[in-house]
Protein chains: 2
Amino acid sequence: MKLTSKGRYAVMALVDLARFDTINPVSLRDISLRQGISLDYLEQIFSKLKRNQIVKSTRGNQGGYVLSKKPNEIKLTNILSAVDEKVKTVQCKKESKKGCNGKATKCVTHNLWDELETHINTFFEKKSLQDLLKNKSERVN
Amino acid sequence: MKLTSKGRYAVMALVDLARFDTINPVSLRDISLRQGISLDYLEQIFSKLKRNQIVKSTRGNQGGYVLSKKPNEIKLTNILSAVDEKVKTVQCKKESKKGCNGKATKCVTHNLWDELETHINTFFEKKSLQDLLKNKSERVN
DNA sequence: TCTAAACTTGACCATTTTAGTCAGGTATGT
DNA sequence: ACATACCTGACTAAAATGGTCAAGTTTAGA
């Protein structure tokens, strides 16, 4: 199972983007500063988001990124899979042909992880960027 | 988020144990052979399971491990947390005092991961070893 | 009592993943 | 032209993963 900072950064950055892209493209530099994420790392992430048509870019001065869809049309599944955070739990080796661990049977936990995977995916399927915009940033304290 | 082979092995081994411990303690060697898990690795895992009172051990010849509770009393949460598979998603740095990423506010995704965590934990809370014993091992094909 | 089976502990390690950095681009508005 | 901002690929330190190895201790049974 993979769910790391990269996925979190992607979501954070997109929420930030959704809040500021009403008029002009938003530069990664701004997002970097506001969210405290390394600019270089953001570029890697946005490169993937772009490949997956989640954002559009404008080059040059005053350029930046814009969402390619409305916030409520962008599901978290889309975001996470775009940055290669496969919500795949533990894969049994060569599960396709043989059973797990080279046995002739599926391992007893096989269905379990499948179930969990579905469970999590459903969670991310229901949530959209829009949902995250609502509870904005809460003050600590 | 951590959910790796160690957790899967722990569950697999305990299901195996639950099936065979009716009379005598089950040796790790047997589990190792049946489940195709390295014996040395199993020892590490069972050391943790023992520390967390999930299994009891008998040393010496004919020794081995036995469940310390009934299969329906052992929830998957117990197993996974015993082997340090913290179902903790992404933690924001120093979230306690300051906000995330050193900002004064919680990051926008903070509540999201909290929610997910709860979501997953609920899943594991409901499942017991007993549940896994039912759908035994299915043949591939 | 001897010995083999089985648990116990801790150190060690190769590989992979993570979370970036760095260096060099290219495109474009002003 | 030049600053800004996107774009790309190579590189890397540190951590996690999935083990192995070595050296025990304990106890049943011959």
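Throughout, a chain's letter reflects where its sequence line sits, starting with A, and its residues are numbered from 1. These values consider heavy atoms only, across backbone and side chains, with no hydrogens, waters or symmetry-generated copies.
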Should A:Tyr41 be listed as having a side-chain N or O under 4.0 Å from OP1 or OP2 of C:dC22?
no
Using the side-chain heavy atoms of B:Thr4, tell me which of these nucleotides is nearest: C:dT18, D:dT17, C:dA23.
D:dT17
Just by distance, do the side chain of A:Ser47 and the backbone of A:Glu43 share a donor-acceptor pair under 3.5 Å?
no
What is the distance, rounded to the nearest whole Å, between atom CG of A:Leu3 and atom P of D:dA16?
16 Å
Option from B:Val55, B:Ile31, B:Leu49 for which side chain to side chain contact (heavy atoms under 4.5 Å, CB included) with B:Tyr65 holds
B:Val55
Would you say A:Ser47 places a side-chain N or O within less than 4.0 Å of OP1 or OP2 belonging to D:dC7?
no
Calculate the interatomic distance between A:Ile37 atom CD1 and C:dT21 atom P; express it in whole Å.
12 Å
C:dT8 P sits how many Å from B:Leu42 CG, rounded?
13 Å
Is there a donor and acceptor pair closer than 3.5 Å between the side chain of B:Glu43 and the base of C:dC7?
no
For A:Ser32 and A:Ile37 the tightest heavy-atom approach is OG-O, 2.8 Å
With the 4.5 Å side-chain cut-off for hydrophobic clustering, are B:Val66 and B:Met12 part of the same group?
no
With a 4.0 Å cutoff (strictly under), does any side-chain N or O of B:Tyr9 reach OP1 or OP2 of D:dG19?
yes
D:dT17, OP1 or OP2 - any side-chain N/O from B:Ser5 closer than 4.0 Å?
no
Relative to B:Phe46, does B:Arg51 satisfy both conditions: NZ or CZ under 6.0 angstrom from the six-membered ring centre, and within 45 degrees of the ring's axis?
no
Measure the distance from CZ on A:Arg8 to P on C:dT18 and round it to the nearest whole Å.
15 Å
Between A:Leu129 and A:Asn72, is there a side-chain heavy-atom distance shorter than 4.5 Å?
no
Given atom CG of B:Leu28 and atom C1' of C:dA5, what is their separation to the nearest angstrom?
12 Å
Quick one: B:Ile45 CD1 to C:dT8 P, roughly how many Å, whole number?
15 Å
When you measure only distances, ignoring hydrogens and angles, does the side chain of B:Gln44 come within 3.5 Å of the base of D:dT20 through a donor and an acceptor?
yes
Under 4.0 Å, heavy atoms only, any strand: does B:Tyr65 hit a base, just the sugar-phosphate, or nothing?
sugar-phosphate
B:Lys48 atom NZ is separated from C:dT8 atom C1', nearest whole Å, by 15 Å
Where along residues 49-64 of chain A does a heavy atom come under 4.0 Å from DNA chain C, residue by residue in number order?
A:Arg59, A:Gly60, A:Asn61
For the student: nearest non-hydrogen atoms of B:Arg8 and A:Thr109, plus distance:
CG-OG1, 3.4 Å
Counting heavy atoms from C-beta on, name the nucleotide in D:dC21, D:dC6, C:dT21 closest to the side chain of A:Ser27.
D:dC6
Once you round it to whole Å, what is the distance between P of C:dT9 and CG of B:Leu39?
15 Å
